[in-house]
**Q** 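Have a look at the structure that comes next, please.
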Amino acid sequence: MKCRFFLLDINEHRSEAKPTVRLWGLDDAGNRVLILSSMIMPYFYYVPGGQQTAESARQRIVEAKAKFPKILQVEVQKGKLLGRQCELLRVTCSELGVLSSYAKAIRKMLQGSCYEDDLRLSVRYLIDTELTACGWQDFEVQPLKSELGEQTVDRLFVAKSFPSRIVDETPPKLRVLAFSLLTAGERGSANPRKDPIRAIAVAVDGRKAEAFVNEGEDDSKAISEFIAFHNRFDPDLVVGFESNNSAWPYLIQRCKLQQVKLALGRDGSGPHTSLFGHVSIAGRANLDLSDIASGIPEIKVKTIQNLARHLRVPSVDEIETIDELERYALWDDTSNRKRLIENVKSSTAALLELAEFTVNFPMQLSALTGLPLDQVLAAAVGFRVDSYLMKQAHMLGELIPRRVEQPYFTYRGAIVLEPETGIHEDVVVLDFSSMYPTLMEKYNLSPDTLVKAGEKVSDDSVFTVPEVNHRFWKKPDGFYRTVLRRLLNERGRIKGEMAEAAEKSTLLRVLKERERAVKIITNACYGYAGWAGARWYAKEVAESAAAIGRDTITRTIQKANAVGLKVIYGDTDSIFVKDDRDRVDQLVRWVDSEFGLEIKREREYVRVLFTEAMKRYAGLLRDGSLDIVGLEVVRGDWSDIARQVQEQVLVRILRDQSSEKAIQDVRATIRKIKNGEVAMSDLTIRKTLTKQIEDYKVRTPHVEVAKLLVREGWELGVGDKVAYVIVRGSGKLFQKAKPPGGLGPRDIDVEYYLDNQIKPAAMRILERFGVSESQLAV
DNA sequence: GCTCGTTGCTTACCT
DNA sequence: ACAGGTAAGCAACGAGCG
């Protein structure tokens, strides 16, 4: 029989007779389905080295079969290794575990090299069958009587065919469960070894959020209630915030201690830490929405509230932010417990709402890259590209190289122009569309088309990159060219479909996220090529793209000047010119005919201000809004009060064109600070720990405060933001930095905030208008 | 032992 | 743990001074 199937999760199982892939998902009737497939056996490739032929290598392996009892088959095949045709052996084994050891042994015995022995069976299956994660496909299946015991699916099948893809982008209705833990430790961070879970909040569609509360020392009842609720609801998606590094490890540890079986998987297994440091639950997708927030640079402090605010999910606005440092005190005071519990319930309800808003993007990214939903959100950009390229390589008959430790080389990057400082009216930004991927595609920049240095080739068969002199074959199409062409076409295709789709339709929402996913992968290919961790690392490719980019922008600037356009600034793939429609049009046409590239009018500034620095400017757009780039306003490591004051100044300067009003505003703020009328939250400065505390060579405010917090029992690690204020006193700045908790505006160092926050932020702008610092005195 | 200019560590931004 | 280019603050260092 046939099963139309949407894939949610995939894993492999070793205990069964044959290596088996488990495909978890839904059918088109909304049943939860598990399909077992043993149709692909583990295998790897061997490419003979030296004089050896594939056939002679095959014989030697077969002769040595005593050493390789788990080999099922050795076949001679043709394949491609970085574009070069070669003969190779496909070595199929009966067990997963032997792949790398056999590959190693064969390499030792015969020289040559092995490929794809590093792929897990689930990855193997996804790649070979072109299965779409988070997408629909048809399977020929046979029903199976349940032999799995605890699994909780509605339908259990054995696959009788490979999947055949259905073009349907709309996901099925999924059951989503949001959860959060409430924990509190008497001193510092809650410690799962001694501090019980105080409450577990859950939220699912169609009911009010609830919490399983534990007021004593034994949280096993609350945990069991949570497990029962979870399994009764049987979610497809489990969402949390910071759950991968906080809630899940805590819960797992508590369960170990309390000897509660945390059987949340659809096969009865517990959550476990997986590939990208995320937590995986068999048969479901566990999503940590803080990963969504991390992908949005405008959100400086990654919280549920800030994510909601950014996405304009209004109901979340009323949720109180409770500082972790105050939590125990609130819990300890029983009159406040209810407030805490209500708080965690409402944030959990908010999480559920946010999941609705945000899940389409990771789903599309999953469908595109082939990484299962839970992995794709946790995986860094480089691994997403890696996964996408692996799928593409297989379709093109290319062997997939292994990730190797290799020396890393930097190279010269893009050009940034010194801006014409001051105010300019009527400025338009001209951007090259997808410059780097377009150049890579156009000039066939790819590891497999790179001509070895010193190799003699005819000049017209290759393209020679200006300045760096790398050469690339004009023919045939390289791997990156093929892949980028597909991506660029796909994006065009989606845009076409979007134009057809009904406004506010589900389809349009899905297409929008699909387009975003394609764009992200496309634009990451350049950086990926220059990343030493990439399977298809080729410094020359990235270096060449950058060099051609420099050449292109430089010549465009020359042409702009030649046609009488005044160039005010430029960075990498953009130039800012004083607007002149006809001349801009002329330049656009020239870029098209000279380079075959598209340059487009993008932002139009009524008025734009450049400070003396590159990458820092602010402009007034036609709709009256400000576009602020690089300045303190958009930096997360300045106090809010300094950012606010600078934004006010920019509004006064750009919109009202009045430095006098700006001065008045700054003075008003200075007065407020002096009077202690500015809230601590506006004075707080935050910086990220980018390494282990012990590894710092210099004493800085945020590291000193981090050390202090660690001494108090707080757990702080890489990636955490440290909040501090500067208090009155003597000595170095790092000696005056303190955690804001328990301090008031009277404790702060007013001089510091005026001299090192307010005035520099304001003067950065005002000094361009002849205002001196003394004019800010009150 | 102090001041002052320089160097280098550090973070966060831009494209 | 996609790239390089850039600004900016502050600690650390070392030279020069007395």
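This one's a predicted model, so the numbers in the text were calculated from it and none came from an experiment. What's counted below: heavy atoms across the whole structure, side chains too, no hydrogens, waters or symmetry copies. Naming convention: chains lettered A, B, ... in sequence-line order (proteins, then strands); numbering from 1 in each chain.
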**Q** What do you reckon, are the aromatic ring centroids of A/Tyr537 and A/Tyr408 less than 6.0 Å apart?
**A**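 No; A/Tyr408 has its ring centre 6.0 Å or more from that of A/Tyr537.
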**Q** So what does A/Asn523 hit on the nucleic acid, given a heavy-atom distance under 4.0 Å: a base, only sugar-phosphate, or nothing?
**A** nothing
**Q** For A/Tyr388, answer base if it contacts any base atom (sugar-phosphate contacts may also be present), sugar-phosphate if it contacts only those atoms, and nothing otherwise; contact means non-hydrogen atoms under 4.0 Å.
**A**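 Answer is nothing: A/Tyr388 stays at 4.0 Å or more from every strand.
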**Q** Let's see if you can work this out: which of C/dG9, C/dA12, B/dT15 has an atom nearest to the side-chain heavy atoms of A/Arg699?
**A**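 Of C/dG9, C/dA12, B/dT15, C/dA12 is nearest to the side chain of A/Arg699.
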**Q** Expressed as a whole number of angstroms, how long is the span from A/Phe276:CZ to C/dC2:P?
**A** 10 Å
**Q** Once you round it to whole Å, what is the distance between P of C/dA7 and CG of A/Leu631?
**A**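 About 13 Å, once rounded to whole Å.
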**Q** Throw together a table of side-chain donor-acceptor distances under 3.5 angstrom for residues 755-763 of chain A, partners on residues two or more places apart or in other chains.
**A**
{"residue": "A/Gln757", "atom": "OE1", "partner": "A/Ser639", "partner atom": "N", "Å": "3.1"}
{"residue": "A/Gln757", "atom": "OE1", "partner": "A/Ser639", "partner atom": "OG", "Å": "2.8"}
{"residue": "A/Gln757", "atom": "NE2", "partner": "A/Tyr752", "partner atom": "OH", "Å": "3.3"}

**Q** Once you measure the plane-to-plane angle for A/Phe610 and A/Tyr569, does it fall in the parallel (<30°), tilted (30-60°) or perpendicular (>60°) bin?
**A**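 Answer is tilted, since the angle falls between 30° and 60°.
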**Q** So if I take every side-chain heavy atom of A/Asp573 and compare against B/dA12, C/dA1, B/dT15, which nucleotide ends up nearest?
**A** B/dT15
**Q** Figure out the CH2/C1' separation between A/Trp638 and C/dA8, and round it to whole Å.
**A** 8 Å
**Q** If you count every heavy atom of other residues, nucleotides or ligands that lies below 6.0 Å from A/Glu298 atom CD, does the total exceed 12?
**A** yes
**Q** When you measure from the side chain of A/Tyr526, which nucleotide among B/dC13, C/dA3, C/dA11 comes out closest?
**A**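 Closest nucleotide among those given: C/dA3.
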**Q** In residues 401-416 of chain A, which ones come under 4.0 Å of DNA chain B, going by heavy atoms?
**A** none
**Q** Using whole Å, report how far OH of A/Tyr436 lies from P of B/dC14.
**A** 17 Å
**Q** Could you point out which residue of A/Ile553, A/Thr438, A/Thr572 forms a side chain to side chain contact (heavy atoms under 4.5 Å, CB included) with A/Phe432?
**A**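 Among the candidates, only A/Ile553 passes.
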**Q** Do the ring centers of A/Tyr526 and A/Trp531 come within less than 6.0 Å of each other?
**A** no
**Q** OP1 or OP2 of B/dT11 less than 4.0 angstrom from a side-chain nitrogen or oxygen of A/Lys721, does that happen here?
**A** no
**Q** Taking 4.0 Å as the cut-off, does a side-chain nitrogen or oxygen of A/Thr688 come that near to OP1 or OP2 on B/dA12?
**A** yes
**Q** Under 4.0 Å, counting only non-hydrogen atoms across every strand here, what does A/Ala524 touch: a base, just sugar-phosphate, or nothing?
**A** base
**Q** Base, sugar-phosphate, or nothing: which does A/Gly533 touch, judged by heavy atoms less than 4.0 Å apart?
**A**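 Nothing, no heavy atom under 4.0 Å.
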**Q** Quick one: A/Asp695 CG to B/dT11 P, roughly how many Å, whole number?
**A**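 It is 11 Å, rounded to the nearest whole Å.
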**Q** Distance check needed: C/dG5 C1' versus A/Met435 CE, whole Å only.
**A**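 Those two atoms, CE and C1', are 15 Å apart.
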**Q** Taking for each residue the nucleotide of DNA chain C bearing the nearest heavy atom, is the 5' side occupied by A/Glu418 or by A/Thr572?
**A** A/Thr572
**Q** Remember a base hit wins even if backbone is also touched, and classify A/Val698 as base, sugar-phosphate or nothing at under 4.0 Å, heavy atoms.
**A** sugar-phosphate
**Q** Would you say A/Thr690 reaches B/dT11's phosphate, i.e. side-chain N/O to OP1/OP2 under 4.0 Å?
**A** yes
**Q** Between A/Lys512 (side chain) and A/Phe361 (backbone), is there a donor-acceptor pair under 3.5 Å?
**A** no
**Q** In whole Å, what is the span from the CD atom of A/Gln646 to the C1' atom of C/dA8?
**A**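 Roughly 13 Å, once rounded to whole Å.
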**Q** Given B/dA12, C/dA1, B/dT11, which nucleotide is nearest the side-chain atoms of A/His702?
**A**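 Nearest listed nucleotide: B/dT11.
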**Q** What about A/Phe463 and A/Phe472, are their ring centers closer than 6.0 Å?
**A** no
**Q** For A/Val703, answer base if it contacts any base atom (sugar-phosphate contacts may also be present), sugar-phosphate if it contacts only those atoms, and nothing otherwise; contact means non-hydrogen atoms under 4.0 Å.
**A**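 The answer is nothing, as A/Val703 stays clear of every strand by at least 4.0 Å.
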**Q** Does C/dC10 have OP1 or OP2 under 4.0 Å away from a side-chain N or O of A/Asn756?
**A**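 Yes.
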**Q** Any base atoms under 4.0 Å from A/Lys539, or only sugar-phosphate, or nothing? Heavy atoms, all strands.
**A**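 The answer is nothing, as A/Lys539 stays clear of every strand by at least 4.0 Å.
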**Q** Counting any heavy atom closer than 4.0 Å, what does A/Arg635 reach on the DNA or RNA strands: base, sugar-phosphate only, or nothing?
**A** base
**Q** For DNA chain B, which residues of residues 597-622 of chain A approach it to below 4.0 angstrom with any heavy atom?
**A**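 Per residue number, the list reads A/Lys615, A/Tyr617.
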**Q** Regarding A/Lys691 and the six-membered ring of A/Tyr696, is the cationic atom NZ or CZ under 6.0 Å from the ring centre and inside 45° of its axis?
**A**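 That pair qualifies as a cation-pi contact.
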**Q** Could you tell me how far apart A/Ile765 (CD1) and C/dA8 (P) are, to the nearest whole angstrom?
**A** 10 Å
**Q** Of the nucleotides B/dT15, C/dC10, B/dT11, which one has an atom closest to the side chain of A/Tyr696?
**A**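 The listed nucleotide nearest to A/Tyr696's side chain is B/dT11.
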**Q** Between C/dC10, C/dA8, B/dA12, which nucleotide gets closest to the side-chain atoms of A/Lys687?
**A**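 That would be B/dA12.
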**Q** Checking the side chain of A/Asp288 only, and the main-chain atoms of A/Ser290 only, is there a donor and an acceptor separated by less than 3.5 Å?
**A** yes
**Q** With distance as the sole test, does A/Asp448 use its side chain to make a donor-acceptor pair with the main-chain N or O of A/Phe479 at under 3.5 Å?
**A** yes
